[in-house]
A.B. asks: 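Could you have a look at this structure, given as structure tokens, before my questions?
Note that these values count all heavy atoms, side chains included, but never hydrogens, waters or copies made by symmetry.
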Amino acid sequence: MAKLNFGGVEETVITRGEFPMEKAREILKDETIAVIGYGVQGPGQSLNLRDNGFNVIIGQRQGKTYDKAVSDGWKPGETLFSIDEACRRGSIIMCLLSDAAVISQWDTIKKHLTPGKALYFSHGFAITWSDRTGVVPPADVDVIMVAPKGSGATVRSLFLEGRGINASFAVEQDFTGRALDRALALGIGIGSGYLFETTFRREAISDLTGERGSLMGAIQGLFLAQYEVLRENGHTPSEAFNETVEELTQSLMPLFAAKGMDWMYANCSTTAQRGALDWMTPFHDAVKPVMQRLYASVKEGAEAQKSIDANSAPDYREKLNEELRQLRESEMWRTAETVRRLRPENE
């Protein structure tokens, strides 16, 4: 493990150079990896593992998702099974179900956690808030995590491009003495670009904060606020959307993703630089109290309970689809459809 300097703080990082694929295959050569759930993370991680030569099977309930697994080449009775059967066969149970589904399927999973097996997660939610989820693994199994920092679709697409997405890793419970090796081998096997160390609790809290904050919740709120102000003051939908979203995603984000915020500022006009530098502090001061309230809500478990309650409701899917429909059919995102069609590469 290498120690790298992140802004003046040393952290442990694992790269492909020091943990090559051959080492990962050797560590897991006698393991049967049972990927439970073929929804968001399941396809990317399982297909990458399969392509990298690992022994992988899928556990999935019957339905559209099961049919998708079949279309991806998993064979019923050979590499595709019920959740119960896959858990029985697997020496490593990769629990990639949604948080709500983990709770509903926990009794099925737990009965197959015989001594020496490994229980793998890609999110610390179920273990961190075990008092709310009821997910308490037996003491005689390894409990490990590899959490890709992106969607399951990105895990797969970057792998197919010959790249990889960074991921965090953690060991919650080491019964066999091999938990760390198992976690790192799986992290390399799913195609991680590099792996950085965390804990289940830190991952769960930072993940929920990020999703509700700058990654999804806050950015939509910021976009919508600016778009509405422009529209209320007579700007057209196309102008409001381009100045709010399109320029950011298509022009500016690649600049600061490549070399940092100062690089992006340096490649904009002096008028833009001055305005950005002047206004970043008022935005910071306005937003930080909201972020502090958000973090406190996550840390105390309130956000976890909201997710459990909402996702366990019988009409959860219908309500979710309605909220997403309203988002999709809002003027801003209907404008986005036209703007995307006008991009040169889509003509």
A.B. asks: Look only at the side chain of E329 and the backbone of Q326, and say whether a donor-acceptor pair between them is shorter than 3.5 Å.
C.D. replies: no

A.B. asks: Taking NZ, NE, NH1 and NH2 as the nitrogens, is one of them in R212 or E303 under 4.0 Å from a carboxylate oxygen of the other?
C.D. replies: yes

A.B. asks: Please determine if E246 and R343 form a salt bridge, counting it only when a charged side-chain N lies under 4.0 Å from a carboxylate O.
C.D. replies: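 Counted as a salt bridge, because a side-chain N and a carboxylate O are separated by less than 4.0 Å.
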
A.B. asks: What I'd like to find out is whether the side chain of D72 reaches to under 4.5 Å of the side chain of Y38, using heavy atoms alone.
C.D. replies: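 SC-SC contact between D72 and Y38 confirmed.
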
A.B. asks: Have N48 and R156 got a donor and an acceptor in their side chains that come within less than 3.5 Å?
C.D. replies: yes

A.B. asks: Please list, one pair per line, the donor and acceptor atoms closer than 3.5 Å that link side chains of residues 223-230 to other protein atoms, with sequence neighbours excluded.
C.D. replies:
residue	atom	partner	partner atom	Å
Q226	NE2	E243	O	3.3
Q226	NE2	T244	OG1	3.3
Y227	OH	E331	OE2	2.5

A.B. asks: Answer yes or no: is there an ion pair linking R334 with E337, defined by an N-O contact shorter than 4.0 Å?
C.D. replies: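 Salt bridge flag = no for E337 with R334.
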
A.B. asks: Between Q105 and I83, is there a donor-acceptor pair closer than 3.5 Å when you use the side chain of the first and the backbone of the second?
C.D. replies: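 Not confirmed, Q105 side chain does not pair with I83 backbone.
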
A.B. asks: Table please: side-chain donor-acceptor pairs of residues 179-186 below 3.5 Å, with sequence neighbours left out.
C.D. replies:
residue	atom	partner	partner atom	Å
R182	NE	E31	OE2	2.9
R182	NH1	G116	O	3.1
R182	NH1	D142	OD2	2.8
R182	NH2	E31	OE1	3.4
R182	NH2	E31	OE2	3.1
R182	NH2	G116	O	3.0

A.B. asks: Would you please name every residue forming a side-chain contact (heavy atoms from CB on, under 4.5 Å) with L277, sequence neighbours left out?
C.D. replies: Y265, R274, M280

A.B. asks: Is it the case that the side chains of E197 and S168 hold a donor-acceptor pair, with the cut-off being a distance below 3.5 Å and no angle test?
C.D. replies: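 There is no such pair between these side chains.
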
A.B. asks: Any carboxylate oxygen within less than 4.0 angstrom of a Lys/Arg side-chain nitrogen, looking at K319 and E322?
C.D. replies: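 Here K319 does not pair with E322 in a salt bridge, since their nearest N and O are not under 4.0 Å apart.
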
